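Labels below follow one simple rule: chain letters A, B, ... track the order of the sequence lines, proteins then strands, and each chain is numbered from 1. Just so we're clear, the structure is a prediction, and the values are computed from it rather than from any experiment.
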Number of protein chains: 2
Amino acid sequence: MPLLPSLRTALPTATIWDAAELASRDPGFDARNFGASALVRPRDVTGVAALVRFCAEHGVSLVAQGGRTGLAGGAATSADQVICDLGGLTQIEEIDPFARVGIVQAGTTLGALQEAAAAHGLEPGIDLAARGSATIGGMVSTNAGGIMAFRNGTMRHRVLGLEAVLPDGRVFSDLTRVLKTSAGYDLKHLFIGAEGTLGIVTRVAVRLDPVAGASATALVGVPDAAGAQRIVRHFLGSTSARLTAAEILWRNFARLMQRALNYAPGQLPLDAPCLLVLGLGADTMETARGMLEDGLAAIWEEAGILDGLVASSDAQAAAMWRLREETVEIEHAHPMAPSFDVSVPGGALDAYVARIEAGLKALDAAYAPYVYGHLADGNLHISINCDGPVSHERHEAIEGVLYEGLREAGGSFSAEHGVGLEKREAYERHADPVKRDLAKAIKELIDPGNVMNPGKVVG
Amino acid sequence: MPLLPSLRTALPTATIWDAAELASRDPGFDARNFGASALVRPRDVTGVAALVRFCAEHGVSLVAQGGRTGLAGGAATSADQVICDLGGLTQIEEIDPFARVGIVQAGTTLGALQEAAAAHGLEPGIDLAARGSATIGGMVSTNAGGIMAFRNGTMRHRVLGLEAVLPDGRVFSDLTRVLKTSAGYDLKHLFIGAEGTLGIVTRVAVRLDPVAGASATALVGVPDAAGAQRIVRHFLGSTSARLTAAEILWRNFARLMQRALNYAPGQLPLDAPCLLVLGLGADTMETARGMLEDGLAAIWEEAGILDGLVASSDAQAAAMWRLREETVEIEHAHPMAPSFDVSVPGGALDAYVARIEAGLKALDAAYAPYVYGHLADGNLHISINCDGPVSHERHEAIEGVLYEGLREAGGSFSAEHGVGLEKREAYERHADPVKRDLAKAIKELIDPGNVMNPGKVVG
């Protein structure tokens, strides 16, 4: 197959790996990421455009990859495909402290942008555990969320402008760095969340916000999500506090984590039906802790708080956060456990969790899901307490329980991980048919040769 | 012409006005709004879909109208067109205080939503002077902005989900009421800011936020925008204050308003090069005023503040706000003065204003523009101090001065009023050509018969 020599001739300055080289490298979060016959790492947007034109001319399909931390198989590749690795486009081109915007190349990691912004007392307003590897381009392409989305929005809301290489090699350039623009269809939103199926994002203007001086942490036991929501609403309603996190853990998950991490909470009611990890920002740590304590005291009865503790040291706060964030413990307990990522409207959380617990038990009496997530935006992560992968039929049945009625209620079967390969079938079953028709037509319009990440999202 | 009888037969429950009736009614902010041969006001989304199908079948084009407060001619009509008036769809279907979302029909006014949300201590997070007439559907269609956008985003960022009737009469239904959804292309963004050229928005899920307990106001004189930005940055950087407004007035505008309103400021430096109207929210008015005073004192020297005053009464605050908001005084002084609406990146504001003042003076030595707007997001409104309309050639020359280099710098020639008819030529000249090509292709894909608001935005 003459693909590699042709690629090397067409892209003399790019780094190129063949299948053998790929096989010897770490493919990231998904073993299928390096199934392609070649990886090309252009040095700049011109190189990306040249690669796209090469692939379009040769009828080879192209899969863009950033940090390879995706959880839905959106970057999986097969032997007939070429990877466009954005690892050569890592420049932070500008941090503008007045406009509060950062201009970065797509391969920049979230961590690198956070660091550069912090030098100006700013932050990108989005954070997630994979910050050291996840790239801005990848986060744009999956519309990443994380723990601060309830306040700052998802990646879509942090993008002021972007540049993308279209499937025909042209460059769509909308590097707006202002919030307000009503200058025709805002087509950058087509590329945000498209998982590389409509073009390859090469440069992004990201909105930045001032960092809080200090952030205090509390762990609180409550009887249900409604109680936890009363706490959240109390802090959101106060202008003097800046709620920075509100993560909820249902009992099964909290118990697993407590055992796995050997967490010794003292008097804390870790056996409460729900635990809430709260973050509150203020100008100083003393103020933040005081506000957390006062706020919890004020809402104690109304929220039915069982017990709660404001961390008095960084180490204590870190231990509380590990209880929420070391989700790899699920993988240790149940390798490849079937896992899901839904958004449930705020008012329906308790009813939803009760319904799926019963529905899953009806499928298998041993099923008792681990449920945790981002309370203030209703994004729940759900893992089944069994080893995976389960059969296709069983997976479908679980999805049936989890996704039933979710769209009609205003929720989403895919909150922040994207559709990729994993949720292709769910997309066909649960997305609005008119929306799917329109999405397909737009894919065919923009990528008639199906060059860009075929088989993902829209098929 | 048998159009009206056919319409009445096809839409028996809709209110229908003929051209004579239209001529006797108030057309709103633009005299051209009622140039159509008929206005149809369906009672529900089914009626809107029936009207759309009727128009598609009869080859009649359709212009959606909400509050008719648009400033760019997006709702202008001609005798061969029919108006789809959303005034029959005004229900506030739900306010969900837990999910913090309101579900409203498109014809609901902003004011009505604000009132319904306030009953739950919530607000839609967007505000503008036309709140009593402007509708949510219209605000979605123009991606409206206003004074709180720097903090809460524009209308695009407030929309969680929407329903729209497509040009073929099908209903696109994405009434998501959660923030996080990464479930395929987020096509609702095509309809946001499309000014009714791709479909008619019929229902919207709007994000709501808790209202601040009280808001204090200050008027501050500074030597330049950079100084004003230091003040903004100071308040944004504090977690204990919630900056709710930061409006800037350059001297020419401030002088005009001061004269027109007979504003007696006491010792205030109304002749400062720039005035800043600040709003700061806190749990109580006393706290808010104290924070404004302390914050201004802390940044006084660094920002080069010339003088400043925190309003000590509601009446004093209202007088300060009138200085910024009674922009109708420009119209009184210079009927139909050429007016513009640009976004300028934060770091470039002073240089931009200096450049356009010089450029306009070169066109006409008497030109001294009125410049004011939303400091914290860089959205400036600019009116020329002459009666309008000016000749087409002169208008072009003024646009040339105002828009030159703006896109390249990351700004926008159209910030929050939309493109409509008024900025069609500017769009052709100043929008990215690849973006324009793609927008045109999408318009042809979704509306091949050019039924929806032809001649606007994309042509």
Quick one: of [options], who has the most non-hydrogen atom pairs under 4.5 Å with chain B?
{"options": "A:Ala431, A:Pro345, A:Gly213", "result": "A:Pro345"}
{"options": "A:Ile442, A:Thr142, A:Leu198, A:Leu175", "result": "A:Leu198"}
{"options": "A:Val457, A:Leu349, A:Thr176", "result": "A:Thr176"}
{"options": "A:Leu122, A:Val232, A:Asp209", "result": "A:Leu122"}
{"options": "A:Ala149, A:Pro433, A:Ala212, A:Pro97", "result": "A:Ala149"}
{"options": "A:Val178, A:Asn152, A:Val434", "result": "A:Val178"}

Smallest separation among heavy atoms of A:Leu179 and B:Thr154, with atom names: O-CG2, 3.9 Å

Closest contact, heavy atoms only, A:Phe150 versus B:Arg207: O-NH2, 2.7 Å

Under a 4.5 Å cut-off applied to non-hydrogen side-chain atoms, are [X] and [Y] in contact?
{"X": "A:Arg100", "Y": "B:Leu236", "answer": "yes"}
{"X": "A:Tyr185", "Y": "B:Leu438", "answer": "no"}
{"X": "B:Arg156", "Y": "A:His189", "answer": "yes"}
{"X": "A:Arg233", "Y": "B:Pro210", "answer": "yes"}
{"X": "B:Arg242", "Y": "A:Arg242", "answer": "no"}
{"X": "A:Asn143", "Y": "B:Lys180", "answer": "no"}
{"X": "A:Ser182", "Y": "B:Glu416", "answer": "no"}

What option among [options] has the most heavy-atom pairs under 4.5 Å with chain A?
{"options": "B:Ala415, B:Ala426, B:Gly346", "answer": "B:Ala415"}
{"options": "B:Leu160, B:Ile192, B:Thr197", "answer": "B:Thr197"}
{"options": "B:Ala205, B:Ala72, B:Ser240, B:Ala99", "answer": "B:Ser240"}
{"options": "B:Ala409, B:Gly418, B:Ala241", "answer": "B:Gly418"}
{"options": "B:Met291, B:Lys456, B:His417, B:Arg177", "answer": "B:Arg177"}
{"options": "B:Gly193, B:Gly237, B:Gly161", "answer": "B:Gly237"}

Can you tell me which portion of [X] sits under 4.5 Å from chain A's heavy atoms? Options are side chain, backbone, both or neither.
{"X": "B:Lys423", "value": "neither"}
{"X": "B:His430", "value": "neither"}
{"X": "B:Asp96", "value": "side chain"}
{"X": "B:Asp341", "value": "neither"}
{"X": "B:Val419", "value": "both"}
{"X": "B:Ala376", "value": "both"}
{"X": "B:Arg436", "value": "neither"}
{"X": "B:Leu445", "value": "side chain"}
{"X": "B:Val101", "value": "neither"}
{"X": "B:Ile446", "value": "side chain"}

Close approach to chain B in residues 165-174 of chain A, criterion heavy atom under 4.5 Å: A:Leu166, A:Arg170, A:Val171, A:Phe172, A:Ser173

Chi angles and distances behind the side-chain contact (heavy atoms from CB on, under 4.5 Å) call for B:Asp186, A:Leu190: CA-CA 7 Å; B:Asp186 198 349; A:Leu190 279 180; over 6 Å; no

A:Asp283/B:Ser238 under side-chain contact (heavy atoms from CB on, under 4.5 Å): CA gap, chis, key distance, verdict: CA-CA 6 Å; A:Asp283 295 340; B:Ser238 161; 3.3 Å; yes

Value rounded to 0.5 Å, distance of CG in A:Leu243 from OG1 in B:Thr239: 12.0 Å

CD on B:Glu163 to CG on A:Asp432, rounded to 0.5 Å: 10.0 Å

By side-chain hydrogen bond (donor to acceptor under 3.5 Å, both in side chains) - contacts of B:Ser412 (at least two apart): A:Thr181

Contact class of A:Val211 relative to chain B, heavy atoms under 4.5 angstrom: backbone

Interchain contact, A:Asp437 with chain B, by part (heavy-atom threshold 4.5 Å): side chain

